[in-house]
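A short worksheet on the structure shown next.
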Amino acid sequence: LTFSRESESNETELKSLLEKLGRAERAQAAKSSEFVNIADATPPAFPVTSRRTIIFLGISAFGALLGLGFVLTQELLNGTVRSAGEAAVKMPIPLLGIVPKITGYRGLPKDPTERVPEPFRALALYVRRTVPKRGARLLFISARPREGVTTVIEYLAESLRRDHLVVLVKDAQASANDNNLAAVAADIVLLDGPPILESIDSEAMAPSCDAAILVVASGITPVSDINDAVERIRSTRVPIAGAVLNRVDSAYL
């Protein structure tokens with residue numbers, strides 16, 4: 001204990017002597033014309049630590065908020081329909097069904113034991129409930145090309161055939177002048193019409209049909225085109241059964 005006390009006393013005296021030595025050296029150096037002693041340095045009241053971590057976290061948070069703002073802006077400015085929720089807000093006609101994007105398309109199921117994809121089976125049910133008339137002629141059209149009208153008709157027809165219905169699929173463009181459709185002994189007739197904003201054939205065929213169904217490609221067809229197509233269909237006075245939202249990305253299901 002005595003040794004410890006003497007050691008502490010010696011350390012204190014050593015610090016005092018070092019401070020005096022430092023002052024003496026500064027005083028001696030102050031006599032030189034190249035050196036000016038402004039003030040003695042004092043230790044800071046609190047330890048100084050690096051703030052690089054805080055700065056990095058702040059920049060990261062700002063970047064994340066900026067990216068989120070960009071994504072939200074893109075979502076708000078998007079002028080297409082991508083989900084059922086958007087369809088209810090942006091489309092002026094009811095939604096009959098949603099068809100997800102088909103990956104690895106292999107064509108229609110040829111094996112009778114192979115099931116038709118569930119979305120098409122549900123679509124077939126809603127179509128039959130919406131237009132229950134036997135022998136009804138349904139005109140399937142889109143606003144612009146390559147929205148998947150033919151694929152939707154093929155799967156829908158297969159699903160209806162699995163329900164033991166006689167289904168007739170015809171090209172509306174080739175059938176525009178065909179007056180024998182009413183005589184066809186079919187439970188339902190599906191007409192594949194050309195894009196209504198690019199061809200007059202769908203409008204010419206529409207008055208002889210019982211209902212029209214608009215196929216809309218998810219995330220592709222502008223809402224303005226959808227509204228224009230609906231107006232063109234309504235001008236023919238054919239009832240619009242609804243719309244099919246096609247190729248919906250899994251993120252919007």
Side-chain angles (χ1 to χ4, degrees), residues 67-108 116-124 126-127 130 138-159 169 171-173 190-206 209 211-236 238-253:
L68 180 61
F70 176 78
V71 172
L72 290 177
T73 302
Q74 292 293 103
E75 290 289 325
L76 293 175
L77 295 179
N78 188 280
T80 63
V81 178
R82 295 166 296 180
S83 65
E86 290 185 359
V89 175
K90 298 180 179 180
M91 292 175 57
I93 55 178
L95 188 65
L96 286 179
I98 297 178
V99 177
K101 185 182 296 183
I102 300 176
T103 57
Y105 178 70
R106 296 177 299 174
L108 294 174
V116 177
E118 196 66 27
F120 293 101
R121 299 179 63 219
L123 177 61
Y126 289 132
V127 167
T130 305
L138 303 183
L139 178 63
F140 285 78
I141 51 180
S142 62
R144 299 293 181 185
R146 295 181 294 276
E147 298 201 44
V149 175
T150 302
T151 302
V152 170
I153 290 178
E154 289 177 351
Y155 273 94
L156 178 60
E158 182 65 22
S159 182
V169 177
D171 186 347
Q173 188 170 4
L190 307 181
L191 299 172
D192 187 348
I196 195 167
L197 297 184
E198 298 193 2
S199 174
I200 198 67
D201 292 325
S202 289
E203 291 183 76
M205 190 66 186
C209 297
I213 295 177
L214 183 65
V215 178
V216 178
S218 172
I220 296 178
T221 311
V223 175
S224 59
D225 284 355
I226 297 174
N227 293 331
D228 291 344
V230 170
E231 290 301 319
R232 294 276 289 270
I233 298 171
R234 285 174 175 169
S235 68
T236 65
V238 63
I240 303 178
V244 177
L245 190 60
N246 193 27
R247 301 171 184 165
V248 180
D249 192 90
S250 59
Y252 296 100
L253 292 177

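Keep in mind that this is a model prediction, so the values were computed, not measured.
Taking both residues in full, the closest heavy atoms of Ala84 and Ile98 are given as CB-CD1, 3.3 Å, listed atom of the first, atom of the second, then distance. In terms of heavy atoms, Ser159 sits closest to Val116 at CB-CG1, 4.1 Å. Considering every non-hydrogen atom in both Thr236 and Ala206, the closest pair reads OG1-CB, 3.5 Å. A pairwise comparison of heavy atoms in Ala143 and Pro195 identifies O-CB, 3.6 Å as the closest pair. Between Pro119 and Val99, the shortest heavy-atom contact is CB-CA, 4.4 Å. A pairwise comparison of heavy atoms in Leu253 and Pro100 identifies CD1-CB, 3.9 Å as the closest pair.
Expressed to the nearest 0.5 Å, how far CD of Glu203 lies from CD1 of Ile196 amounts to 4.5 Å. Note that the OG1 atom of Thr130 and the CD1 atom of Ile240 stand 13.0 Å from one another [nearest 0.5 Å]. Rounding to the nearest 0.5 angstrom, the gap separating the CZ atom in Arg121 from the OH atom in Tyr126 is 12.5 Å. In this structure, CG on Leu190 lies 11.5 Å from OG1 on Thr150, to the nearest 0.5 angstrom. Ile233 contributes atom CD1, which lies 11.0 Å from atom SG of Cys209 (distance to the nearest 0.5 angstrom). Residue Asp171 holds its CG atom at 10.0 Å from CE of Met205, rounded to the nearest 0.5 Å.
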Evaluation steps, side chain to side chain contact (heavy atoms under 4.5 Å, CB included), between Glu147 and Asn246:
CA-CA 7 Å; Glu147 298 201 44; Asn246 193 27; 5.9 Å; no
Evaluate the criterion side chain to side chain contact (heavy atoms under 4.5 Å, CB included) for residue pair Met91 and Val81; output intermediate values, then yes/no.
CA-CA 8 Å; Met91 292 175 57; Val81 178; 3.9 Å; yes
Go through the steps to decide whether Asp225 and Arg144 satisfy the test side chain to side chain contact (heavy atoms under 4.5 Å, CB included), and finish with yes or no.
CA-CA 8 Å; Asp225 284 355; Arg144 299 293 181 185; 3.2 Å; yes
Worked check of side chain to side chain contact (heavy atoms under 4.5 Å, CB included) between Val244 and Leu123:
CA-CA 8 Å; Val244 177; Leu123 177 61; 3.8 Å; yes
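Formation of a donor-acceptor pair under 3.5 Å by the Thr151 side chain with backbone atoms of Gly148 is not found in this model. Between the side chain of Glu231 and the backbone N or O of Asp228, no donor-acceptor pair lies under 3.5 Å. A donor-acceptor distance shorter than 3.5 angstrom exists from the side chain of Lys90 to the backbone of Thr80, with no hydrogens or angles considered. At least one donor-acceptor pair under 3.5 Å links the side chain of Ser235 to the backbone N or O of Arg232.
A side-chain contact (heavy atoms from CB on, under 4.5 Å) with Phe140 is found for exactly one of Asp192, Leu191, Leu156, namely Leu156.
Scanning for ring pair (Phe, Tyr, Trp, His ring centres under 6.0 Å) contacts around Phe120 gives Tyr155, with sequence neighbours left out.
Lys101 places none of its side-chain heavy atoms less than 4.5 Å from the side chain of Ser250.
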Compile the donor-acceptor pairs under 3.5 Å between side chains in residues 212-219 and protein atoms, sequence neighbours left out, one pair per line.
{"unit_1": "Ser218", "atom_1": "OG", "unit_2": "Arg82", "atom_2": "O", "d": "3.3"}

